[in-house]
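Below is one structure, written out as C-alpha coordinates; the observations come after it.
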Amino acid sequence: MQHNLTRKEIFYLGGLVFVAFILKCYFSYKAPLLDDEVYYYLWSKKPDFGYPEHGPFLPWIYALISPLLGESALAIRFFGLIGMQFVSVAVFLFMKNRFGIRTAWTAFLIYQLLPATFTMSIVSTIDTPMFIFGTLALLFYAKGFFENNYFFYVGGLFLGIAALSKVSAIWLGIGMLFYIIISVRRLEYLKNFHLWISFIFSALIYSPFLIWNYSHDFPFLVTATNLLSRKSSVESFIMFWISQILLLFPTIFILCFHALKIKRKNNPSENRTEYTTFFSVLGIVALMYIFYQSLKSNLEANWGGFAYISLLLLVPIHITSIWKKFRMSYVFPGSLILSTMLMFTVLGHTLFGFWEIKKNDITNRYYAFSSFPGEIKEFYDTQLKPEIRTISYNNYQIPSMLEYHLKPLKPSLSINGPDYHPVIFEYWYQDIELTGQDLYILQKNSNELQRISKDCEDYSLLKKFSTMRDNSIISEFYLYSCKQFSGKIRKLPTLLF
(Lines give C-alpha, C1' and ligand atoms only; values in the text may rest on other atoms or scores of the structure.)
Protein backbone atom coordinates (compact mmCIF):
# COMPACT_ATOMS: atom_id res chain seq x y z
CA MET A 1 0.00 0.00 0.00
CA GLN A 2 1.27 3.46 -0.90
CA HIS A 3 2.20 5.90 1.85
CA ASN A 4 2.45 9.62 1.35
CA LEU A 5 5.82 11.25 1.75
CA THR A 6 6.55 13.13 4.94
CA ARG A 7 7.22 16.84 4.85
CA LYS A 8 10.84 16.13 5.72
CA GLU A 9 11.21 13.77 2.77
CA ILE A 10 9.62 16.27 0.40
CA PHE A 11 11.86 19.04 1.72
CA TYR A 12 15.09 17.10 1.20
CA LEU A 13 14.09 15.55 -2.12
CA GLY A 14 12.75 18.83 -3.48
CA GLY A 15 15.88 20.62 -2.29
CA LEU A 16 18.12 18.12 -4.08
CA VAL A 17 16.20 18.58 -7.34
CA PHE A 18 16.29 22.38 -6.97
CA VAL A 19 20.06 22.43 -6.44
CA ALA A 20 20.50 20.10 -9.42
CA PHE A 21 18.37 22.38 -11.61
CA ILE A 22 20.42 25.45 -10.64
CA LEU A 23 23.61 23.57 -11.51
CA LYS A 24 22.11 22.46 -14.84
CA CYS A 25 21.29 26.07 -15.69
CA TYR A 26 24.74 27.31 -14.70
CA PHE A 27 26.50 24.53 -16.60
CA SER A 28 24.36 25.12 -19.71
CA TYR A 29 25.36 28.76 -19.60
CA LYS A 30 29.08 28.36 -18.85
CA ALA A 31 30.22 25.13 -20.53
CA PRO A 32 31.48 25.43 -24.14
CA LEU A 33 29.34 23.76 -26.77
CA LEU A 34 30.28 20.26 -27.85
CA ASP A 35 31.08 19.69 -31.52
CA ASP A 36 27.88 17.68 -32.05
CA GLU A 37 25.77 20.41 -30.45
CA VAL A 38 27.22 22.94 -32.88
CA TYR A 39 26.82 20.57 -35.83
CA TYR A 40 23.10 19.99 -35.16
CA TYR A 41 22.53 23.68 -34.53
CA LEU A 42 24.01 24.54 -37.94
CA TRP A 43 21.35 22.39 -39.59
CA SER A 44 18.77 24.94 -38.49
CA LYS A 45 20.38 27.54 -40.73
CA LYS A 46 18.81 25.72 -43.67
CA PRO A 47 15.57 24.10 -42.41
CA ASP A 48 14.59 21.07 -44.43
CA PHE A 49 12.44 17.95 -44.21
CA GLY A 50 15.46 15.75 -43.67
CA TYR A 51 19.22 15.55 -43.34
CA PRO A 52 21.69 12.80 -44.28
CA GLU A 53 22.17 11.67 -40.69
CA HIS A 54 18.89 12.28 -38.83
CA GLY A 55 15.38 13.61 -39.01
CA PRO A 56 14.61 17.34 -38.99
CA PHE A 57 12.79 17.97 -35.72
CA LEU A 58 15.69 19.25 -33.58
CA PRO A 59 16.82 21.72 -36.30
CA TRP A 60 13.21 22.88 -36.56
CA ILE A 61 13.24 23.63 -32.83
CA TYR A 62 16.45 25.62 -33.18
CA ALA A 63 15.07 27.52 -36.17
CA LEU A 64 12.03 28.44 -34.10
CA ILE A 65 13.73 29.57 -30.88
CA SER A 66 17.11 30.94 -32.03
CA PRO A 67 15.61 34.20 -33.43
CA LEU A 68 14.29 34.83 -29.91
CA LEU A 69 17.16 33.47 -27.78
CA GLY A 70 20.19 33.85 -30.04
CA GLU A 71 22.90 31.25 -30.54
CA SER A 72 24.65 31.17 -27.19
CA ALA A 73 25.37 27.88 -25.42
CA LEU A 74 22.41 28.43 -23.09
CA ALA A 75 20.09 29.23 -26.00
CA ILE A 76 21.08 26.07 -27.87
CA ARG A 77 20.59 23.96 -24.73
CA PHE A 78 17.39 25.73 -23.70
CA PHE A 79 14.99 23.18 -25.22
CA GLY A 80 16.65 20.21 -23.50
CA LEU A 81 16.92 22.04 -20.20
CA ILE A 82 13.24 23.05 -20.09
CA GLY A 83 11.91 20.04 -21.98
CA MET A 84 13.33 17.58 -19.47
CA GLN A 85 11.72 19.53 -16.63
CA PHE A 86 8.39 19.44 -18.45
CA VAL A 87 8.50 15.70 -19.13
CA SER A 88 9.51 15.07 -15.49
CA VAL A 89 6.37 16.89 -14.33
CA ALA A 90 4.23 15.03 -16.89
CA VAL A 91 5.52 11.67 -15.63
CA PHE A 92 5.01 12.80 -12.01
CA LEU A 93 1.33 13.60 -12.67
CA PHE A 94 0.83 10.37 -14.63
CA MET A 95 2.25 8.27 -11.80
CA LYS A 96 0.53 10.23 -9.02
CA ASN A 97 -2.93 9.74 -10.51
CA ARG A 98 -2.46 5.99 -10.99
CA PHE A 99 0.10 4.67 -8.51
CA GLY A 100 0.32 7.19 -5.69
CA ILE A 101 2.56 10.00 -4.54
CA ARG A 102 5.57 7.87 -3.63
CA THR A 103 5.72 6.36 -7.13
CA ALA A 104 5.30 9.86 -8.57
CA TRP A 105 8.23 11.22 -6.55
CA THR A 106 10.33 8.15 -7.38
CA ALA A 107 9.74 8.74 -11.08
CA PHE A 108 10.35 12.48 -10.81
CA LEU A 109 13.68 11.96 -9.07
CA ILE A 110 14.77 9.38 -11.65
CA TYR A 111 13.97 11.79 -14.47
CA GLN A 112 15.92 14.53 -12.74
CA LEU A 113 18.97 12.86 -11.22
CA LEU A 114 20.06 9.76 -13.13
CA PRO A 115 23.21 10.32 -15.22
CA ALA A 116 21.29 9.64 -18.45
CA THR A 117 18.41 12.02 -17.77
CA PHE A 118 20.66 14.58 -16.11
CA THR A 119 22.87 14.62 -19.20
CA MET A 120 19.94 15.08 -21.58
CA SER A 121 19.09 18.29 -19.70
CA ILE A 122 22.49 19.84 -20.35
CA VAL A 123 23.64 18.40 -23.69
CA SER A 124 21.51 19.23 -26.72
CA THR A 125 21.59 16.38 -29.24
CA ILE A 126 19.12 14.36 -31.30
CA ASP A 127 18.51 12.01 -28.34
CA THR A 128 16.89 14.67 -26.15
CA PRO A 129 13.74 15.40 -28.22
CA MET A 130 13.44 11.68 -29.03
CA PHE A 131 13.40 10.90 -25.31
CA ILE A 132 11.03 13.74 -24.40
CA PHE A 133 8.43 13.07 -27.09
CA GLY A 134 8.89 9.31 -26.92
CA THR A 135 8.05 9.43 -23.21
CA LEU A 136 4.98 11.57 -23.85
CA ALA A 137 3.94 9.14 -26.59
CA LEU A 138 4.05 6.16 -24.20
CA LEU A 139 2.15 8.04 -21.51
CA PHE A 140 -0.71 8.76 -23.90
CA TYR A 141 -0.64 5.34 -25.56
CA ALA A 142 -0.85 3.74 -22.10
CA LYS A 143 -3.85 5.92 -21.35
CA GLY A 144 -5.30 4.93 -24.72
CA PHE A 145 -4.87 1.21 -24.08
CA PHE A 146 -6.23 1.22 -20.53
CA GLU A 147 -8.40 4.32 -20.09
CA ASN A 148 -9.80 6.11 -23.12
CA ASN A 149 -9.20 5.30 -26.80
CA TYR A 150 -9.10 8.96 -27.79
CA PHE A 151 -5.71 9.31 -26.08
CA PHE A 152 -4.29 7.19 -28.92
CA TYR A 153 -4.34 10.21 -31.20
CA VAL A 154 -2.21 12.32 -28.88
CA GLY A 155 0.15 9.38 -28.48
CA GLY A 156 0.39 9.06 -32.27
CA LEU A 157 1.26 12.75 -32.55
CA PHE A 158 4.13 12.44 -30.07
CA LEU A 159 5.35 9.14 -31.53
CA GLY A 160 5.64 10.74 -34.97
CA ILE A 161 7.55 13.69 -33.52
CA ALA A 162 9.90 11.37 -31.61
CA ALA A 163 10.65 9.45 -34.83
CA LEU A 164 11.23 12.74 -36.68
CA SER A 165 13.86 13.47 -34.03
CA LYS A 166 15.59 10.09 -34.21
CA VAL A 167 14.47 7.05 -36.16
CA SER A 168 15.16 4.72 -33.19
CA ALA A 169 11.83 5.87 -31.74
CA ILE A 170 10.12 3.64 -34.31
CA TRP A 171 10.99 0.75 -31.98
CA LEU A 172 8.39 2.11 -29.56
CA GLY A 173 5.76 1.43 -32.22
CA ILE A 174 7.23 -2.00 -32.92
CA GLY A 175 7.10 -2.75 -29.19
CA MET A 176 3.43 -1.79 -29.10
CA LEU A 177 2.71 -4.19 -31.97
CA PHE A 178 4.32 -6.99 -29.95
CA TYR A 179 2.22 -5.98 -26.95
CA ILE A 180 -0.95 -6.18 -29.03
CA ILE A 181 0.00 -9.66 -30.28
CA ILE A 182 0.60 -11.15 -26.80
CA SER A 183 -2.25 -9.34 -25.02
CA VAL A 184 -5.32 -11.33 -23.96
CA ARG A 185 -7.27 -8.40 -25.42
CA ARG A 186 -5.59 -8.73 -28.82
CA LEU A 187 -8.84 -9.15 -30.74
CA GLU A 188 -10.22 -6.01 -29.13
CA TYR A 189 -7.06 -4.09 -30.05
CA LEU A 190 -6.95 -5.47 -33.59
CA LYS A 191 -10.47 -4.16 -34.13
CA ASN A 192 -9.79 -0.83 -32.46
CA PHE A 193 -10.22 1.84 -35.11
CA HIS A 194 -8.66 4.59 -32.96
CA LEU A 195 -5.46 2.62 -32.33
CA TRP A 196 -4.69 1.97 -35.99
CA ILE A 197 -5.64 5.47 -37.09
CA SER A 198 -3.18 6.78 -34.48
CA PHE A 199 -0.41 4.67 -36.04
CA ILE A 200 -1.31 6.02 -39.48
CA PHE A 201 -1.32 9.55 -38.02
CA SER A 202 2.14 8.93 -36.57
CA ALA A 203 3.38 7.64 -39.94
CA LEU A 204 2.01 10.76 -41.67
CA ILE A 205 3.93 12.99 -39.27
CA TYR A 206 7.08 11.00 -40.00
CA SER A 207 6.44 10.92 -43.76
CA PRO A 208 8.27 14.20 -44.66
CA PHE A 209 11.56 12.53 -43.70
CA LEU A 210 10.69 9.45 -45.76
CA ILE A 211 9.74 11.59 -48.76
CA TRP A 212 12.95 13.62 -48.42
CA ASN A 213 15.01 10.43 -48.34
CA TYR A 214 13.18 9.01 -51.36
CA SER A 215 13.75 12.19 -53.35
CA HIS A 216 17.49 12.12 -52.50
CA ASP A 217 18.02 8.35 -52.96
CA PHE A 218 18.07 7.53 -49.23
CA PRO A 219 21.30 9.04 -47.88
CA PHE A 220 20.10 8.28 -44.34
CA LEU A 221 20.19 4.56 -45.07
CA VAL A 222 23.83 4.93 -46.10
CA THR A 223 24.58 6.62 -42.77
CA ALA A 224 22.76 3.94 -40.77
CA THR A 225 24.39 1.14 -42.78
CA ASN A 226 27.85 2.64 -42.29
CA LEU A 227 27.37 2.94 -38.55
CA LEU A 228 25.93 -0.55 -38.12
CA SER A 229 28.62 -2.09 -40.34
CA ARG A 230 31.35 -1.23 -37.83
CA LYS A 231 32.26 -4.68 -36.54
CA SER A 232 31.79 -5.45 -32.88
CA SER A 233 34.51 -6.91 -30.70
CA VAL A 234 34.60 -8.26 -27.18
CA GLU A 235 36.01 -4.93 -26.03
CA SER A 236 33.37 -2.81 -27.80
CA PHE A 237 30.57 -5.08 -26.52
CA ILE A 238 31.79 -4.79 -22.93
CA MET A 239 32.39 -1.04 -23.18
CA PHE A 240 28.91 -0.45 -24.61
CA TRP A 241 27.17 -2.26 -21.77
CA ILE A 242 29.40 -0.64 -19.15
CA SER A 243 28.31 2.72 -20.56
CA GLN A 244 24.65 1.70 -20.21
CA ILE A 245 25.22 0.66 -16.59
CA LEU A 246 26.86 4.00 -15.83
CA LEU A 247 24.21 6.05 -17.65
CA LEU A 248 21.38 4.38 -15.73
CA PHE A 249 23.48 3.97 -12.55
CA PRO A 250 24.23 0.36 -11.49
CA THR A 251 21.36 -0.17 -9.03
CA ILE A 252 18.75 1.36 -11.37
CA PHE A 253 20.16 -0.69 -14.27
CA ILE A 254 19.67 -3.88 -12.22
CA LEU A 255 16.20 -2.79 -11.14
CA CYS A 256 15.21 -2.22 -14.77
CA PHE A 257 15.79 -5.91 -15.45
CA HIS A 258 14.24 -6.96 -12.14
CA ALA A 259 11.11 -5.03 -13.10
CA LEU A 260 10.59 -6.79 -16.44
CA LYS A 261 7.47 -8.89 -15.91
CA ILE A 262 4.78 -9.98 -18.34
CA LYS A 263 1.53 -11.07 -16.70
CA ARG A 264 -1.40 -11.86 -18.95
CA LYS A 265 -4.48 -11.04 -16.86
CA ASN A 266 -8.10 -11.10 -17.94
CA ASN A 267 -9.21 -8.97 -15.03
CA PRO A 268 -9.40 -5.33 -16.22
CA SER A 269 -9.16 -4.11 -12.63
CA GLU A 270 -5.51 -5.20 -12.50
CA ASN A 271 -4.40 -1.64 -13.17
CA ARG A 272 -0.78 -1.94 -12.04
CA THR A 273 -0.28 -5.23 -13.90
CA GLU A 274 -1.62 -3.82 -17.16
CA TYR A 275 0.74 -0.86 -17.09
CA THR A 276 3.80 -2.83 -16.00
CA THR A 277 3.18 -5.48 -18.64
CA PHE A 278 2.83 -2.79 -21.31
CA PHE A 279 6.07 -1.05 -20.33
CA SER A 280 7.83 -4.42 -19.85
CA VAL A 281 7.01 -5.65 -23.34
CA LEU A 282 8.30 -2.44 -24.91
CA GLY A 283 11.44 -2.61 -22.76
CA ILE A 284 12.12 -6.26 -23.65
CA VAL A 285 11.70 -5.63 -27.39
CA ALA A 286 14.06 -2.64 -27.24
CA LEU A 287 16.65 -4.50 -25.14
CA MET A 288 16.61 -7.54 -27.44
CA TYR A 289 17.29 -5.33 -30.45
CA ILE A 290 20.07 -3.42 -28.67
CA PHE A 291 21.66 -6.63 -27.40
CA TYR A 292 21.63 -8.13 -30.91
CA GLN A 293 23.17 -5.00 -32.44
CA SER A 294 25.82 -4.78 -29.73
CA LEU A 295 26.90 -8.34 -30.63
CA LYS A 296 27.38 -7.52 -34.31
CA SER A 297 28.14 -3.77 -34.38
CA ASN A 298 30.40 -1.34 -32.54
CA LEU A 299 27.71 0.85 -30.96
CA GLU A 300 28.08 4.28 -29.39
CA ALA A 301 26.81 4.75 -25.84
CA ASN A 302 23.74 6.77 -26.84
CA TRP A 303 22.36 3.99 -29.04
CA GLY A 304 20.61 2.51 -26.02
CA GLY A 305 18.65 5.69 -25.39
CA PHE A 306 15.31 4.63 -26.88
CA ALA A 307 15.13 1.64 -24.50
CA TYR A 308 15.28 4.00 -21.52
CA ILE A 309 11.93 5.50 -22.53
CA SER A 310 9.88 2.47 -21.47
CA LEU A 311 12.27 1.20 -18.79
CA LEU A 312 12.28 4.48 -16.86
CA LEU A 313 8.47 4.46 -16.82
CA LEU A 314 8.48 0.89 -15.56
CA VAL A 315 11.13 1.06 -12.85
CA PRO A 316 9.50 3.63 -10.46
CA ILE A 317 6.32 1.52 -10.37
CA HIS A 318 8.44 -1.51 -9.54
CA ILE A 319 10.55 0.26 -6.92
CA THR A 320 7.54 1.32 -4.87
CA SER A 321 6.04 -2.17 -5.16
CA ILE A 322 9.15 -3.61 -3.45
CA TRP A 323 9.74 -0.63 -1.13
CA LYS A 324 9.72 -2.86 1.96
CA LYS A 325 12.04 -5.44 0.38
CA PHE A 326 15.77 -5.53 -0.37
CA ARG A 327 16.22 -2.50 1.92
CA MET A 328 14.87 -0.45 -1.00
CA SER A 329 13.96 2.47 1.24
CA TYR A 330 17.72 2.90 1.73
CA VAL A 331 19.07 1.58 -1.58
CA PHE A 332 17.04 3.88 -3.82
CA PRO A 333 17.68 7.20 -2.01
CA GLY A 334 21.33 6.24 -1.55
CA SER A 335 21.66 5.48 -5.26
CA LEU A 336 20.16 8.83 -6.19
CA ILE A 337 22.44 10.70 -3.82
CA LEU A 338 25.52 8.92 -5.20
CA SER A 339 24.33 9.50 -8.78
CA THR A 340 23.75 13.19 -8.10
CA MET A 341 27.11 13.61 -6.38
CA LEU A 342 28.77 11.88 -9.33
CA MET A 343 27.13 14.29 -11.78
CA PHE A 344 27.96 17.30 -9.58
CA THR A 345 31.59 16.17 -9.48
CA VAL A 346 31.84 15.63 -13.25
CA LEU A 347 30.19 18.97 -14.02
CA GLY A 348 32.28 20.76 -11.43
CA HIS A 349 35.48 19.27 -12.82
CA THR A 350 34.40 20.24 -16.34
CA LEU A 351 33.99 23.87 -15.32
CA PHE A 352 36.65 24.30 -12.65
CA GLY A 353 39.16 21.44 -13.06
CA PHE A 354 39.07 19.75 -9.65
CA TRP A 355 42.06 17.54 -10.43
CA GLU A 356 44.99 17.46 -12.82
CA ILE A 357 43.99 17.66 -16.48
CA LYS A 358 45.35 14.84 -18.63
CA LYS A 359 44.99 14.31 -22.35
CA ASN A 360 42.56 11.40 -21.93
CA ASP A 361 40.26 13.32 -19.55
CA ILE A 362 36.71 12.75 -20.83
CA THR A 363 35.73 16.34 -20.00
CA ASN A 364 38.35 17.64 -22.46
CA ARG A 365 35.77 17.23 -25.21
CA TYR A 366 34.15 20.47 -24.03
CA TYR A 367 37.43 22.33 -24.59
CA ALA A 368 38.91 20.53 -27.60
CA PHE A 369 37.84 23.37 -29.93
CA SER A 370 38.26 26.28 -27.52
CA SER A 371 41.03 27.76 -29.67
CA PHE A 372 38.51 28.46 -32.46
CA PRO A 373 36.79 31.53 -30.94
CA GLY A 374 40.17 32.84 -29.74
CA GLU A 375 43.52 32.16 -31.41
CA ILE A 376 42.19 30.66 -34.64
CA LYS A 377 39.61 33.40 -35.16
CA GLU A 378 42.21 36.10 -34.56
CA PHE A 379 44.62 34.47 -37.04
CA TYR A 380 41.92 34.18 -39.68
CA ASP A 381 40.84 37.81 -39.18
CA THR A 382 44.35 39.25 -39.36
CA GLN A 383 46.51 36.90 -41.43
CA LEU A 384 44.34 35.10 -43.98
CA LYS A 385 42.47 36.11 -47.11
CA PRO A 386 38.71 35.92 -46.46
CA GLU A 387 37.93 35.01 -50.09
CA ILE A 388 39.87 31.73 -49.80
CA ARG A 389 37.80 28.78 -48.57
CA THR A 390 38.82 26.35 -45.80
CA ILE A 391 38.31 22.59 -46.13
CA SER A 392 38.96 19.64 -43.84
CA TYR A 393 39.37 15.95 -44.68
CA ASN A 394 37.08 13.33 -43.13
CA ASN A 395 36.02 15.69 -40.38
CA TYR A 396 32.66 17.43 -39.98
CA GLN A 397 33.56 18.96 -36.61
CA ILE A 398 36.18 21.43 -37.88
CA PRO A 399 33.94 23.00 -40.58
CA SER A 400 31.11 23.14 -38.02
CA MET A 401 33.24 25.03 -35.51
CA LEU A 402 34.55 27.38 -38.20
CA GLU A 403 31.00 28.17 -39.33
CA TYR A 404 29.77 28.75 -35.78
CA HIS A 405 32.68 30.78 -34.38
CA LEU A 406 34.23 32.47 -37.44
CA LYS A 407 31.33 32.72 -39.91
CA PRO A 408 33.69 32.84 -42.92
CA LEU A 409 32.83 34.61 -46.15
CA LYS A 410 32.85 31.28 -48.00
CA PRO A 411 31.39 28.23 -46.23
CA SER A 412 33.87 25.71 -44.86
CA LEU A 413 33.59 22.21 -46.30
CA SER A 414 34.28 18.62 -45.35
CA ILE A 415 36.02 16.61 -48.10
CA ASN A 416 35.40 12.96 -47.32
CA GLY A 417 36.65 9.59 -48.47
CA PRO A 418 34.48 6.60 -49.47
CA ASP A 419 34.39 5.13 -45.95
CA TYR A 420 33.25 8.33 -44.22
CA HIS A 421 29.55 8.69 -43.48
CA PRO A 422 27.47 11.32 -45.35
CA VAL A 423 27.54 14.79 -43.77
CA ILE A 424 25.45 17.89 -44.23
CA PHE A 425 28.14 19.85 -46.07
CA GLU A 426 28.07 17.36 -48.95
CA TYR A 427 24.32 17.83 -49.24
CA TRP A 428 24.38 21.62 -49.09
CA TYR A 429 27.43 22.34 -51.23
CA GLN A 430 27.71 19.44 -53.68
CA ASP A 431 27.68 21.81 -56.68
CA ILE A 432 30.66 23.91 -55.54
CA GLU A 433 33.67 23.52 -57.82
CA LEU A 434 36.96 23.26 -55.93
CA THR A 435 39.30 21.90 -58.60
CA GLY A 436 42.06 24.35 -59.45
CA GLN A 437 41.34 26.68 -56.54
CA ASP A 438 43.69 27.84 -53.80
CA LEU A 439 42.40 26.67 -50.42
CA TYR A 440 43.20 26.54 -46.75
CA ILE A 441 43.20 23.08 -45.16
CA LEU A 442 42.65 22.83 -41.41
CA GLN A 443 43.33 19.40 -39.93
CA LYS A 444 43.58 17.86 -36.50
CA ASN A 445 46.87 16.24 -35.52
CA SER A 446 48.40 16.59 -39.03
CA ASN A 447 46.81 13.24 -39.90
CA GLU A 448 46.19 13.82 -43.62
CA LEU A 449 49.61 14.93 -44.92
CA GLN A 450 49.72 12.22 -47.56
CA ARG A 451 46.36 13.23 -48.96
CA ILE A 452 47.24 16.94 -48.82
CA SER A 453 50.45 16.35 -50.79
CA LYS A 454 48.48 14.36 -53.36
CA ASP A 455 45.66 16.92 -53.83
CA CYS A 456 47.76 20.11 -53.78
CA GLU A 457 50.22 21.17 -56.44
CA ASP A 458 52.08 22.94 -53.64
CA TYR A 459 51.38 23.23 -49.94
CA SER A 460 52.91 24.72 -46.83
CA LEU A 461 52.17 24.75 -43.12
CA LEU A 462 50.93 28.19 -42.10
CA LYS A 463 50.46 27.66 -38.37
CA LYS A 464 50.00 25.06 -35.70
CA PHE A 465 47.34 25.83 -33.09
CA SER A 466 47.53 24.18 -29.66
CA THR A 467 44.44 24.05 -27.48
CA MET A 468 45.41 24.37 -23.84
CA ARG A 469 43.55 23.48 -20.68
CA ASP A 470 45.19 23.99 -17.33
CA ASN A 471 48.64 24.18 -18.97
CA SER A 472 48.09 20.86 -20.78
CA ILE A 473 47.77 20.49 -24.56
CA ILE A 474 44.50 18.65 -25.20
CA SER A 475 44.23 19.07 -29.00
CA GLU A 476 46.21 20.43 -31.95
CA PHE A 477 45.16 21.82 -35.31
CA TYR A 478 47.34 22.35 -38.37
CA LEU A 479 46.53 25.01 -40.97
CA TYR A 480 47.96 24.52 -44.46
CA SER A 481 47.96 26.66 -47.57
CA CYS A 482 47.07 24.59 -50.63
CA LYS A 483 47.81 25.78 -54.18
CA GLN A 484 45.85 24.47 -57.15
CA PHE A 485 43.66 21.93 -55.37
CA SER A 486 42.97 18.88 -57.56
CA GLY A 487 40.32 17.15 -55.45
CA LYS A 488 36.58 17.67 -55.34
CA ILE A 489 33.55 17.28 -53.11
CA ARG A 490 32.37 13.70 -52.96
CA LYS A 491 28.89 13.16 -54.33
CA LEU A 492 26.50 12.57 -51.44
CA PRO A 493 26.51 8.76 -50.88
CA THR A 494 23.06 7.31 -51.57
CA LEU A 495 21.31 4.03 -52.27
CA LEU A 496 20.17 4.00 -55.86
CA PHE A 497 17.17 1.82 -56.67
Side-chain angles (χ1 to χ4, degrees), residues 13 16-17 20 24 80 83-84 87-88 91-92 95 103 105-123 125-128 130-132 134-135 138 162 166 168-169 171-172 175 236-261 276 279-294 299-323 326-328 330-347 362:
L13 294 174
L16 186 62
V17 170
K24 291 173 186 178
M84 286 301 295
V87 80
S88 299
V91 172
F92 177 91
M95 296 295 176
T103 302
W105 269 106
T106 300
F108 184 77
L109 292 168
I110 285 173
Y111 277 74
Q112 289 288 325
L113 303 177
L114 280 193
T117 51
F118 199 115
T119 301
M120 280 187 279
S121 297
I122 58 175
V123 177
T125 68
I126 297 295
D127 296 280
T128 303
M130 178 198 69
F131 181 85
I132 291 171
T135 300
L138 290 197
K166 190 173 183 179
S168 302
W171 280 94
L172 301 178
S236 68
F237 177 84
I238 293 173
M239 291 306 297
F240 174 77
W241 285 104
I242 288 176
S243 69
Q244 305 312 297
I245 293 170
L246 294 176
L247 285 168
L248 289 175
F249 201 77
T251 50
I252 304 301
F253 182 85
I254 294 170
L255 285 168
C256 285
F257 284 88
H258 192 255
L260 293 172
K261 296 176 183 177
T276 55
F279 295 136
S280 291
V281 171
L282 269 68
I284 290 170
V285 170
L287 287 171
M288 288 177 64
Y289 172 74
I290 295 169
F291 183 77
Y292 167 73
Q293 287 295 352
S294 67
L299 301 183
E300 297 175 1
N302 64 335
W303 270 67
F306 68 92
Y308 304 164
I309 296 172
S310 53
L311 294 174
L312 294 186
L313 290 171
L314 171 66
V315 78
I317 304 172
H318 180 64
I319 287 173
T320 49
S321 72
I322 59 170
W323 192 253
F326 311 115
R327 301 181 67 84
M328 192 56 58
Y330 297 100
V331 170
F332 177 67
S335 297
L336 284 183
I337 292 171
L338 288 174
S339 172
T340 307
M341 292 303 104
L342 173 65
M343 292 306 300
F344 284 5
T345 301
V346 172
L347 268 59
I362 61 171

Residues pairing under side chain to side chain donor-acceptor pair (under 3.5 Å) where one sits in residues 330-345, two or more places apart or in two chains, turn out to be T251-S335
Problem set entry | F344 vs F118 side-chain heavy atoms within contact, under 4.5 Å | yes
Here the gap from I245 atom CD1 to I254 atom CD1, rounded to the nearest 0.5 Å, amounts to 7.5 Å
Heavy atoms of I309 and Y111 approach each other most closely as O-OH, 4.1 Å
Q. Any side-chain heavy atom of L314 within less than 4.5 Å of one from C256?
A. no
Quiz item: Would F326 and V331 satisfy side-chain contact (heavy atoms from CB on, under 4.5 Å), going step by step from the backbone distance to the final call?
Solution: CA-CA 8 Å; F326 311 115; V331 170; 5.8 Å; no
To the nearest 0.5 Å, atom CG of L313 lies from atom OG of S280 at 11.0 Å
Determine whether L312 and V91 satisfy the following criterion, side-chain contact (heavy atoms from CB on, under 4.5 Å), listing intermediate values before the conclusion.
CA-CA 10 Å; L312 294 186; V91 172; over 6 Å; no
- Query: Any side-chain heavy atom of Y289 within less than 4.5 Å of one from Q293?
  - Reply: yes
- request: Return the orientation label for the F291 and F237 ring planes: parallel under 30°, perpendicular over 60°, tilted otherwise.
  value: perpendicular
**Asked** Within the side chain of T117, is there an N or O that forms a donor-acceptor pair under 3.5 Å with the backbone of I110?
**Response** yes
Side chain to side chain contact (heavy atoms under 4.5 Å, CB included) filter on S243, not counting sequence neighbours, yields F240, A301
Distance col, row F249:CZ vs M343:CE, nearest 0.5 angstrom, shows 11.5 Å
Closest non-hydrogen contact found for L113 with L336 is CB-CD2, 4.2 Å
Is there a side-chain contact between M84 and F131 in this structure, where contact means two heavy atoms from C-beta onward sitting under 4.5 Å apart? yes
Here the gap from F279 atom CZ to I284 atom CD1, rounded to the nearest 0.5 Å, amounts to 14.0 Å
**Item:** side-chain contact (heavy atoms from CB on, under 4.5 Å) between L287 and L260, worked out
**Value:** CA-CA 11 Å; L287 287 171; L260 293 172; 3.9 Å; yes
Handout entry: Atom CE of M341 with >12 non-hydrogen neighbours under 6.0 angstrom
Key = yes
The reported gap from OH in Y308 to CE in M130 (rounded to nearest 0.5 angstrom) is 9.5 Å
### Query
Counting distance only, does the side-chain N/O of K24 pair as donor-acceptor with the main-chain N or O of Q112 below 3.5 Å?
yes
Of all heavy-atom pairs linking S168 and F306, the shortest is CB-CD2, 3.5 Å
Heavy atoms of I322 and M328 approach each other most closely as O-CB, 3.5 Å
(request) For residues F253 and L246, determine if any side-chain heavy atom of one lies less than 4.5 Å from a side-chain heavy atom of the other. (result) no
*Do I122 and L347 touch side chain to side chain, with heavy atoms closer than 4.5 Å?*
yes
- Message: Between I290 and W241, is there a side-chain heavy-atom distance shorter than 4.5 Å?
- Response: yes
Quick one, K166 and N302 - any side-chain contact, counting heavy atoms below 4.5 Å?
yes
Residue set satisfying side-chain hydrogen bond (donor to acceptor under 3.5 Å, both in side chains) with W323, at least two apart, ordered chain then number -> none
d(L16 CG, L109 CG) to nearest 0.5 Å is 7.5 Å
